[in-house]
There are 2 protein chains.
Amino acid sequence: MASTLEDHSDPGTGASDAGAPVIGEGQKLSLSLWLQLMKCTKEIEAGVGGRLRKVHRQSLARFDVLSQLHRFGGDWAAVGEISSRVMTSSGNITALVDRMVAEDLIERRASPDDRRSHQLRMTGTGRAVFDEMTADHARWVDDALDGIDDVDKQRLIALLIDVRRAFEETKSESHIAQAAPGETR
Amino acid sequence: MASTLEDHSDPGTGASDAGAPVIGEGQKLSLSLWLQLMKCTKEIEAGVGGRLRKVHRQSLARFDVLSQLHRFGGDWAAVGEISSRVMTSSGNITALVDRMVAEDLIERRASPDDRRSHQLRMTGTGRAVFDEMTADHARWVDDALDGIDDVDKQRLIALLIDVRRAFEETKSESHIAQAAPGETR
DNA sequence: TGTAAATATTTTATATATTAATTAAATATC
DNA sequence: GATATTTAATTAATATATAAAATATTTACA
């Protein structure tokens, strides 16, 4: 779902808005960037995800699971490995895997090494479905970004990698003093 | 949830991968950009959304609904207006609104003008919760983007607006020939 | 060795999301 | 004015997501 699709960068004039939330000048730019990032991702995601759903009757979540399994090239992969790579909770991956197993897209077995662990692998059917989805997915994404020239795409990629690195650093810096309710700084 | 968190830009060597999906050279760059866009958004969303959930016991979806209602400054807003602005389905907004009404964050009434339509407004409680969330949200987003300088933020904003505009144009161009299963071009 | 702690996954409860079908009312058209 | 179409929202069925608790197993270590 969309999130924060509101430009808070204008805290308002104050007219008829006595207790308006106070947003600092320095935060406005960050909020505008976050808003654009969110809108851009959600809009394209809705487009590509909607087509994936309509054409292949599969969700982006399932496509992600298959994509990650594909990287293991036919080998078994631990459930935890997949769930962390697709950025979903352990509880969610269990249900997702259940449904994908029921549809014969993937198969699950107990790990031979660690009896706590389970492993996943694509089935032949899963591989076929994945290949079909992959081709369409790549074309749809490329279509969505059609109007952007290669130089701008490369600039964007570099900037987004910077943002992710900066965010990771922020997290690791603040990991000692975990946020208490109401105060983060 | 995360999506497409797999870099398809390398279609592989072909070794032990006979039927590998074919991805054109020109699509690789688009896929890399899409991957970074997705990862960047999802990672920050997980951080900010997780804190919002933990600290304020509210989802980003609810924050979005309150944000949109806030723009109406105390006036009633049509349910459809809100659902389209937060980019969610009519079915979802009904359930979301039900829960928010039950928690006294917002109130709902039949529209006086159009008897098909319903309207929403923040309650005093909702406004108070929104104000608290807004301050934290702005700070968390700013923290997440702490390491990026203002010039790069502005570059990113401009580029993302370009991407959204390009995507909208693509959609309106292809709206006549809607994609049939398996063939989009 | 025995016990505590950590790890991997599942289960449970619930929230959030989609699509399709339904209901009700407004609008268009003849 | 009667009928068909469109519009607005809800309902129903189901998928996807989270957090918290439970289960089972491995690892650490006194």
Side-chain angles (χ1 to χ4, degrees), chain A residues 1-5 42 45-66 76-103 105 108-120, chain B residues 1-5 42 45-66 76-103 105 108-120:
Chain A
M1 116 121 251
S3 307
T4 326
L5 302 181
K42 300 290 174 182
E45 190 179 20
V48 174
R51 292 171 103 164
L52 206 61
R53 204 175 279 268
K54 186 173 291 182
V55 175
H56 297 282
R57 301 282 150 187
Q58 298 292 331
S59 64
L60 276 169
R62 288 163 179 229
F63 182 56
D64 284 343
V65 170
L66 293 177
W76 292 94
V79 170
E81 183 73 24
I82 300 303
S83 72
S84 67
R85 284 174 183 273
V86 303
M87 282 177 61
T88 196
S89 62
S90 59
N92 189 44
I93 201 74
T94 297
L96 192 51
V97 163
D98 283 345
R99 289 184 295 264
M100 292 177 78
V101 167
E103 289 184 29
L105 294 170
R108 171 168 41 188
R109 74 170 188 191
S111 167
D113 311 318
D114 185 334
R115 290 169 61 193
R116 295 168 300 181
S117 187
H118 284 203
Q119 299 178 322
L120 307 174
Chain B
M1 118 120 254
S3 305
T4 327
L5 301 181
K42 300 290 175 184
E45 190 179 20
V48 173
R51 291 171 103 165
L52 205 62
R53 205 177 278 268
K54 187 173 290 183
V55 175
H56 296 282
R57 300 283 150 186
Q58 298 292 331
S59 65
L60 276 168
R62 289 163 178 229
F63 183 55
D64 285 343
V65 170
L66 294 178
W76 293 94
V79 169
E81 183 73 24
I82 300 303
S83 73
S84 67
R85 283 175 183 273
V86 303
M87 284 179 60
T88 196
S89 63
S90 58
N92 189 44
I93 200 73
T94 298
L96 192 51
V97 162
D98 283 344
R99 289 185 295 264
M100 292 177 78
V101 167
E103 289 184 29
L105 295 170
R108 170 167 40 189
R109 75 171 187 189
S111 167
D113 311 318
D114 184 335
R115 289 170 61 192
R116 293 169 301 180
S117 186
H118 284 202
Q119 299 177 323
L120 307 174

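Lettering follows sequence order; numbering is per chain, from 1.
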Query raised in the report: Mapping A/V79 and B/S90 onto DNA chain C by nearest heavy atom, which one lands closer to the 5' end?
Result: A/V79

**Report entry** Exercise: identify the closest heavy-atom pair between B/S59 and B/R53
**Finding:** CB-NH2, 4.2 Å

Query raised in the report: Should A/R62 and A/H56 count as side-chain neighbours, where that means a heavy-atom distance under 4.5 Å?
Result: no

Query raised in the report: Looking at the side chain of B/R53, which of D/dA19, C/dT18, C/dT11 is the nearest nucleotide?
Result: D/dA19

Query raised in the report: Pick one: which of A/L60, A/L96, A/T88 meets side chain to side chain contact (heavy atoms under 4.5 Å, CB included) with A/V65?
Result: A/L96

Query raised in the report: In whole Å, what is the span from the CG atom of A/D98 to the P atom of D/dT14?
Result: 16 Å

Query raised in the report: Which of the following nucleotides, C/dT18, D/dT18, C/dT10, is nearest to the side chain of B/N92?
Result: C/dT18

Query raised in the report: Any side-chain N or O of B/S117 less than 4.0 Å from the OP1 or OP2 oxygen of D/dA8?
Result: no

Query raised in the report: Atom CD1 of B/I82 to atom P of D/dA9: distance rounded to whole Å?
Result: 10 Å

Query raised in the report: For the residue pair A/S83 and A/S89, what are the closest heavy atoms and their distance?
Result: CB-O, 4.5 Å

Query raised in the report: C/dT16, C/dA26, C/dT9: which one has an atom nearest the side-chain heavy atoms of B/R115?
Result: C/dA26

Query - Integer-rounded Å distance: D/dA15 P and A/H56 NE2 - result: 19 Å

Query raised in the report: At under 4.0 Å, does any side-chain N or O of A/S89 touch on OP1 or OP2 of D/dA19?
Result: no

Report task. Among the candidates D/dT25, D/dT18, C/dA26, find the nucleotide nearest to the side-chain atoms of A/D114. Result -> D/dT25

Report task. Between B/I93 and A/I93, name the one whose nearest nucleotide on DNA chain C is closer to the 5' end. Result -> A/I93

Query - Separation of atom CZ in A/R51 from atom P in C/dT18, rounded to whole Å - result: 18 Å

**Report entry** SB check A/R85 A/E81 (cutoff 4.0 Å)
**Finding:** yes

Query - Presence of A/R108 side-chain N/O under 4.0 Å of C/dT10 phosphate oxygens OP1/OP2 - result: yes

Report task. Mind calculating the distance between CD (A/E103) and C1' (D/dT16) to the nearest angstrom? Result -> 13 Å

**Report entry** Pair of N/O donor and acceptor under 3.5 Å linking D/dT7 base with B/R116 side chain
**Finding:** yes

Query - Atom-to-atom span, CH2 of A/W76 to P of C/dT9 - whole angstrom - result: 14 Å

Report task. Mind running salt bridge (Lys or Arg N to Asp or Glu O under 4.0 Å) on B/K42 and A/E45 for me, showing each step along the way? Result -> CA-CA 12 Å; B/K42 300 290 175 184; A/E45 190 179 20; 3.1 Å; yes

Requested in this report: Tell me what B/G91 touches on the nucleic acid: a base, only sugar-phosphate, or nothing, going by heavy atoms under 4.0 Å.
Outcome: base

Requested in this report: Report the residue (B/Q119 or A/R99) whose heavy-atom-nearest nucleotide on DNA chain D is the more 5′ of the two.
Outcome: B/Q119

**Report entry** For atom CZ of B/R57 and atom C1' of C/dT16, their distance in whole Å
**Finding:** 17 Å

Query raised in the report: Is there a side-chain polar atom (N or O) of A/S59 under 4.0 Å from OP1 or OP2 of C/dT18?
Result: no

Query - Rounded interatomic separation in angstrom, taking NE2 from A/H118 and P from D/dT26 - result: 11 Å

